Amino acid sequence: MKSNLKEIEINLLTSSSKLPLYGKRILVTAPRNYASRFAEQIIQKGGLPILLPTIETCYLSNYIELDTALSGIDKFNWIVFTSRNGIIAFFHRLHDLGIPTSMLHNCQLCALGKDSESLLSFSGQVDLIPTESSPAGIVSEFAKIPQIYDQTVLIPAPEVVGIPEPNVVPKLVSDLQKLGMKVTRVPTYVTRCLDKNIYPVELNLIRQGMIDIIAFSSTAEVESFLRMVNSQSDYKHCIIACFGPYTTANARKLGVNVSIVSKDYSSFEGFTEAIAEFYTLTSK
């Protein structure tokens with residue numbers, strides 16, 4: 001069944017009652033530096049974002065490994081960024097060390113989806129944007145490159161604190177090694193779970209059935225959320241939405257019943273569109 005979402009012309013004067021997410025309370029679990037962009041997309045479609053970042057991303061407390069990698073940055077053939085946070089933290093540290101971006105001239109740079117815009121703003125250079133905005137998409141593109149065997153690749157990655165590390169980056173490292181690449185993974189920023197005690201109001205809204213959708217944009221968000229609730233019964237009234245098939249697969253492994261999966265997972269606009277389409281189709 002085709003959605004008529006595209007048929008609705010949405011602008012600032014459109015009555016909110018005509019918008020596809022009108023009155024829907026959507027819990028945003030993304031860290032604050034992503035949550036604001038996601039919330040904006042939800043508001044544009046008439047939804048009511050409720051912010052409950054389950055994780056936060058922040059700067060490292062120990063830069064020894066990262067600084068060692070940056071001091072020899074011109075020795076890498078590739079630098080692969082798996083998140084916007086990695087891009088920001090990487091270039092901030094490069095700047096703090098006084099290393100000019102011209103030192104990257106020997107490297108080819110790869111980023112996912114909209115993250116490429118951030119990479120371009122910092123470096124003026126993006127050499128590869130995989131068709132599929134995922135680590136699997138990165139591996140697929142690299143597998144097509146002649147003579148990829150033995151090339152060196154640096155992966156700026158999160159240091160995960162307080163929750164088990166999702167399999168995303170370890171699998172990327174393993175898959176690139178299987179292609180014969182020499183992979184260096186370096187901690188570039190911290191991902192850690194937040195204290196549930198700062199969210200008594202939001203968690204009560206979930207338990208009271210006042211939240212329509214819980215939207216997860218990463219496996220780490222799911223892991224942390226499950227540590228904040230007592231059991232599945234706390235969120236049994238909520239519809240679960242996930243940002244793409246990989247977060248969905250990991251959420252299901254953790255016992256979460258996912259109803260909405262965004263097919264376009266290159267941006268929060270695509271994620272919001274998937275949630276809106278769900279309601280458009282189920283209202284018919």
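On a predicted model such as this, the values are computed, not experimentally measured, just so you know.
- In this structure, the side chain of Ser121 engages the main chain of Ser118 through a donor-acceptor pair within 3.5 Å.
- In this structure, Arg207 fails the cation-pi test against Tyr235, since its NZ or CZ atom is not both closer than 6.0 Å to the six-membered ring centre and inside 45 degrees of the ring normal.
- Between the side chain of Ser174 and the main chain of Pro170, no donor-acceptor pair closer than 3.5 Å is present.
- With Asn77 contributing its side chain and Thr152 its backbone, the two residues share a donor-acceptor pair below 3.5 Å.
- Heavy-atom minimum distance, Ile240 versus Val256: CG2-CG1, 3.8 Å.
- More than 12 heavy atoms of other residues, nucleotides or ligands lie within 6.0 Å of CZ in Arg227, so this atom counts as buried by the packing criterion.
- For the pair Ser134 (side chain) and Gly137 (backbone), a donor-acceptor distance under 3.5 Å is present.
- Remark: the Asp115 side chain and the Ser83 side chain contain no N/O donor-acceptor pair separated by less than 3.5 Å.
- At a threshold of 4.5 Å between side-chain heavy atoms, the hydrophobic network of Ile, Leu, Val, Met, Phe, Trp and Tyr places Leu226 and Leu205 in one connected group.
- Checked by atom type, the side-chain pair Ser140/Glu132 shows no donor-acceptor distance below 3.5 Å.
- Judged by distance alone, the side chain of His92 and the main-chain N or O of Ala89 form no donor-acceptor pair under 3.5 Å.
- Between the side chain of Thr29 and the main chain of Leu52, no donor-acceptor pair closer than 3.5 Å is present.
- The hydrophobic cluster containing Val183 also contains Leu172, counting ILVMFWY residues as joined when their side-chain heavy atoms lie under 4.5 angstrom apart, directly or transitively.
- The shortest distance between side-chain heavy atoms of Ser218 and Ile55 falls below 4.5 Å.
- In this structure, Leu203 is not a member of the same hydrophobic cluster as Val28, with clusters built from ILVMFWY side-chain heavy atoms closer than 4.5 Å.
- One side chain, Ser266 or Asp264, offers a donor N or O that lies under 3.5 Å from an acceptor on the other.
- The distance from the CD1 atom of Ile73 to the CG atom of Leu94 is 7.0 Å, given to the nearest 0.5 Å.
- Taken from SG in Cys193 to CD1 in Ile163, the straight-line distance is 6.0 Å, to the nearest 0.5 Å.
- A salt bridge between Lys114 and Glu269 is absent, with no side-chain N of the basic residue lying under 4.0 Å from a carboxylate O of the acidic one.
- Looking at every heavy atom in both residues, Asp74 comes nearest to Met103 through CB-O, 3.6 Å.
- Between Phe91 and Phe122, the angle of the ring planes stays under 30°, which puts this pair in the parallel group of the 30/60° scheme.
- One distance of note links CD1 of Ile129 with CG of Leu109; it measures 11.0 Å at 0.5 Å rounding.
- Between the Glu159 side chain and the Arg192 main chain, no donor and acceptor come within less than 3.5 Å of each other.
- A salt bridge is defined here as a Lys NZ or Arg NE, NH1 or NH2 lying under 4.0 Å from an Asp or Glu carboxylate O, and Glu40 with Arg37 fails to meet this definition.
- Shortest non-hydrogen contact noted between Ala251 and Val258 is CB-CG2, 3.9 Å.
- A parallel orientation is assigned to the rings of Phe38 and Phe271, their planes being inclined by less than 30° (bins at 30° and 60°).
- Asp127 and Gln125 share a side-chain donor-acceptor pair at under 3.5 Å.
- Looking only at side-chain heavy atoms (C-beta outward), Pro164 and Glu223 come within less than 4.5 Å of each other.
- At most 12 heavy atoms of other shown residues, nucleotides or ligands fall within 6.0 angstrom of atom NE2 in His95.
- Tyr199 meets the ring-ring contact (aromatic ring centres under 6.0 Å, His included) test with no other residue; sequence neighbours excluded.
- With rounding to the nearest 0.5 angstrom, the CD1 atom of Ile275 is 10.5 Å from the CD atom of Gln41.
- For the atom pair Thr280 OG1 and Glu273 CD, the distance stands at 8.0 Å (nearest 0.5 Å).
- Hydrophobic clustering of Ile, Leu, Val, Met, Phe, Trp and Tyr side chains at less than 4.5 Å, counting indirect connections, keeps Leu51 apart from Leu194.
- Judged purely by atom type and a 3.5 angstrom limit, Ser116 has no side-chain atom pairing as donor or acceptor with the backbone of Leu112.
- Here the shortest heavy-atom pairing between Ile206 and Cys238 reads CG2-SG, 4.1 Å.
- Contact record, Glu65 with Pro187: OE1-CD, 3.5 Å, taken as the closest heavy-atom pair.
- Two residues are said to be in side-chain contact when any heavy atoms from C-beta on lie closer than 4.5 Å; Leu176 and Phe142 meet this criterion.
- No chain of hydrophobic side-chain contacts below 4.5 Å, direct or via other Ile, Leu, Val, Met, Phe, Trp or Tyr residues, connects Phe216 to Phe268.
- Results of the ring pair (Phe, Tyr, Trp, His ring centres under 6.0 Å) test with Phe90 over Tyr59, Tyr63, Tyr189, Phe81 single out Phe81 as the only residue that passes.
- A salt bridge links Glu165 and Arg185; the closest N-O separation between the charged side-chain nitrogens and carboxylate oxygens is under 4.0 Å.
- Put simply, CD on Glu202 and OG1 on Thr54 are 12.5 Å apart, with the number rounded to the nearest 0.5 Å.
- Tyr34 places a side-chain N or O within 3.5 Å of a backbone atom of Arg84 that can act as its donor or acceptor partner.
- Heavy-atom minimum distance, Cys110 versus Ile138: SG-CG1, 4.2 Å.
- Considering only heavy atoms from C-beta on, Pro49 comes within 4.5 Å of Ile43 through its side chain.
- Within a 6.0 Å radius of CG in Asp96, more than 12 heavy atoms belonging to other residues, nucleotides or ligands are found.
- For the pair Asp212 and Arg25, the salt-bridge criterion is not met [side-chain N within less than 4.0 Å of a carboxylate O].
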